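Have a look at the structure below, then the notes.
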Amino acid sequence: MRILNQEIPSAVGQTVTVAGWVHRRRRLAAVSFLILRDRSGLSQIVVKAPETQAQLDELGEETVVQVTGTVAANPQAPGGAELVDPVIDPLTEPAVTPPIELWRPTVGAGLPVVLDNAPVALRHPAVRAGWEIAAAALHGFRSALDSQGFTEIQTPKIVGTATESGANVFALDYFGGPAYLAQSPQFYKQTMVGVFERVYEVGPVFRAEPHDTVRHLAEYVSLDAEFGFIQDHRDVLAVLRSVLATMLSSVGERAPAALERLGVELPEIPSEVPVLHFTEALKLAGANPDEPDLAPADERAIGEWALREHGSAFVAVEGYPMVKRPFYTHTQPSDPRWSNSFDLLFRGVELVTGGQRLHRYSDYAAALAARGESADAPAYSSYLQAFKHGMPPHGGFAIGLERFVARLTGAENIRQVTLFPRDLHRLTP
């Protein structure tokens, strides 16, 4: 029976079988060392028999092998134990030398080389660490919402209208007719509040925006939540805060080795996230008071303020101008120029957009009419059907998974923590 490398230290004196990839070979005068990599980490195998040494010389790095040997204690080996007297059984032909030296502690190649060779580069422990953290964060996202009575849903990614947001969309031929890749599950998750009250979704979204920056992708994983019977957007922010706290806790519990590999120290999210109104945020950042949105430099200034004044890597800006928010956004009751919505900034970069939605059909009809559109238009008729038949006050948020991991790890480019990024220039691998 095969055991994992991490189990070797608990089997001293026993004969065991391990399997994985040839991570590194080292030949000395009288002995050779095979460093074997599996999903749990590395192990050291001592090779002394001349015929086995000769066999090892023929097996290039990344060859998949099975090894049976005796476990011996050695404080200098990974985990304090190693395999001796091994029998090596190759499970593939000798591997071709990878274009990236995976055995080195750090990645020596530039990002374009890493992305071009992603099928192999992702095997590097420092590269795969990004997705280990992402997977742990996903677990935290789901467990947090499951514990609060949310139901996970999956909604269509091929849609017939392109009205979810002002972003450009990817058009495609759908059996001879027009269709689009979904920019957001927004319409569907609102509809499903009328079914389950509390829903969430983990899935891809597509944005054909021609951004060529270190923080934009054409396809990314969106973590969406929507729920009913709220008072206002502050209820949404409270749930978001609890979700992020669980995501951070899950990363710490499920991916400690990945955090260590990348030298990441997890931030704490305060019990109450600092909140600024949009008008206050503009003043704090020294921006023009007539600006309808925050520039990246403004976000950085606000993030520095939150860290300096509140010791928080997180800060929420609420009350964005209605002219910059989608038609389904609820207005601020005291002043309809502003919205009951927010952006959550994480280390000076927008991470989450959320808020309260309209829930009365008459309000939707009025909001669309103000924009020169009709509630009876085909683009909206099926969506608004839910509101004709009664919907509670509700709201929600969306987190970009890759952006969350990039901010958490300090990655300079979001592509460093994306498995197979899609952007303005990249469609392969």
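Along the sequence shown, residues are numbered consecutively beginning with 1. Values in this document were obtained by computation on a predicted structure and should not be read as measured data.
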For A255, which residues count as a side chain to side chain contact (heavy atoms under 4.5 Å, CB included) partner, sequence neighbours excluded? I133, A136, A258

Test side chain to side chain contact (heavy atoms under 4.5 Å, CB included) applied to A316 - qualifying residues, sequence neighbours left out: L237, V273, V275, L344

salt_bridge(R357, D363) N-O dist < 4.0 Å: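 A salt bridge is absent here (no side-chain N lies under 4.0 Å from a carboxylate O).
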
Identify whether the distance between the nearest side-chain nitrogen and carboxylate oxygen of E201 and K157 falls below 4.0 Å.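 Yes, E201 and K157 are salt-bridged.
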
Mind checking whether F278 and W338 have parallel, tilted or perpendicular rings, split at 30° and 60°? tilted

Distance-only criterion, 3.5 Å: show the donor-acceptor pairs between side-chain atoms of residues 387-401 and protein atoms not counting sequence neighbours.
residue : atom : partner : partner atom : Å
H394    : ND1  : P392    : O            : 2.8
H394    : NE2  : Q190    : NE2          : 2.9

Quick one: pull up [atom1] in [X] and [atom2] in [Y] and give me the separation to the nearest 0.5 Å.
| X | Y | atom1 | atom2 | result |
| --- | --- | --- | --- | --- |
| S312 | E272 | OG | CD | 11.5 Å |
| E61 | I35 | CD | CD1 | 10.5 Å |
| I414 | T213 | CD1 | OG1 | 8.0 Å |
| T161 | Y380 | OG1 | OH | 8.0 Å |
| I3 | S40 | CD1 | OG | 9.0 Å |
| T279 | E291 | OG1 | CD | 14.0 Å |

Do the ring centers of F141 and Y200 come within less than 6.0 Å of each other?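 Ring-ring flag for F141/Y200: true, centres closer than 6.0 Å.
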
Minimum heavy-atom distance [X]-[Y], with the two atoms named:
| X | Y | result |
| --- | --- | --- |
| N117 | P99 | OD1-CG, 3.4 Å |
| V12 | A73 | CG1-N, 4.1 Å |
| R415 | P421 | CG-CB, 3.9 Å |
| P267 | L408 | CD-CD1, 3.5 Å |
| V405 | G130 | CG1-O, 3.6 Å |

Checking side-chain hydrogen bond (donor to acceptor under 3.5 Å, both in side chains) between E318 and each of Q332, H277, R234, which is the one that passes?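 Single side-chain hydrogen bond (donor to acceptor under 3.5 Å, both in side chains) partner of E318 among Q332, H277, R234: R234.
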
Verdict with reasoning, L102 to V120, per side-chain contact (heavy atoms from CB on, under 4.5 Å): CA-CA 9 Å; L102 303 178; V120 175; 3.8 Å; yes

Are side-chain N/O atoms of S242 and Q148 paired as donor and acceptor at under 3.5 Å?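 The criterion, which ignores hydrogens and geometry beyond distance, is satisfied for Q148 and S242.
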
Side-chain heavy atoms of [X] within contact of [Y], under 4.5 Å:
| X | Y | result |
| --- | --- | --- |
| D116 | R426 | yes |
| F206 | Y180 | no |
| Q183 | V205 | no |

I'd like to know whether V71 forms a side-chain contact (heavy atoms from CB on, under 4.5 Å) with L83, so could you lay out the CA-CA distance, the side-chain angles of the two residues, the decisive distance to 0.1 Å, and finally the verdict. CA-CA 5 Å; V71 180; L83 261 65; 4.0 Å; yes

R2/D38 under side-chain contact (heavy atoms from CB on, under 4.5 Å): CA gap, chis, key distance, verdict: CA-CA 11 Å; R2 176 199 178 199; D38 67 12; 3.6 Å; yes

What pairs of residues pass the salt bridge (charged side-chain N to carboxylate O under 4.0 Å, His left out) test when at least one of them lies in [range], not counting sequence neighbours?
| range | result |
| --- | --- |
| residues 210-220 | R215-E299 |
| residues 180-193 | K189-D224, K189-E226 |
| residues 119-130 | E62-R123, R128-E132 |

Side-chain donor or acceptor of R261 paired with backbone N/O of P125 under 3.5 Å: yes

Stepwise side-chain contact (heavy atoms from CB on, under 4.5 Å) check, R104 with R24: CA-CA 9 Å; R104 292 191 180 277; R24 180 66 169 150; over 6 Å; no

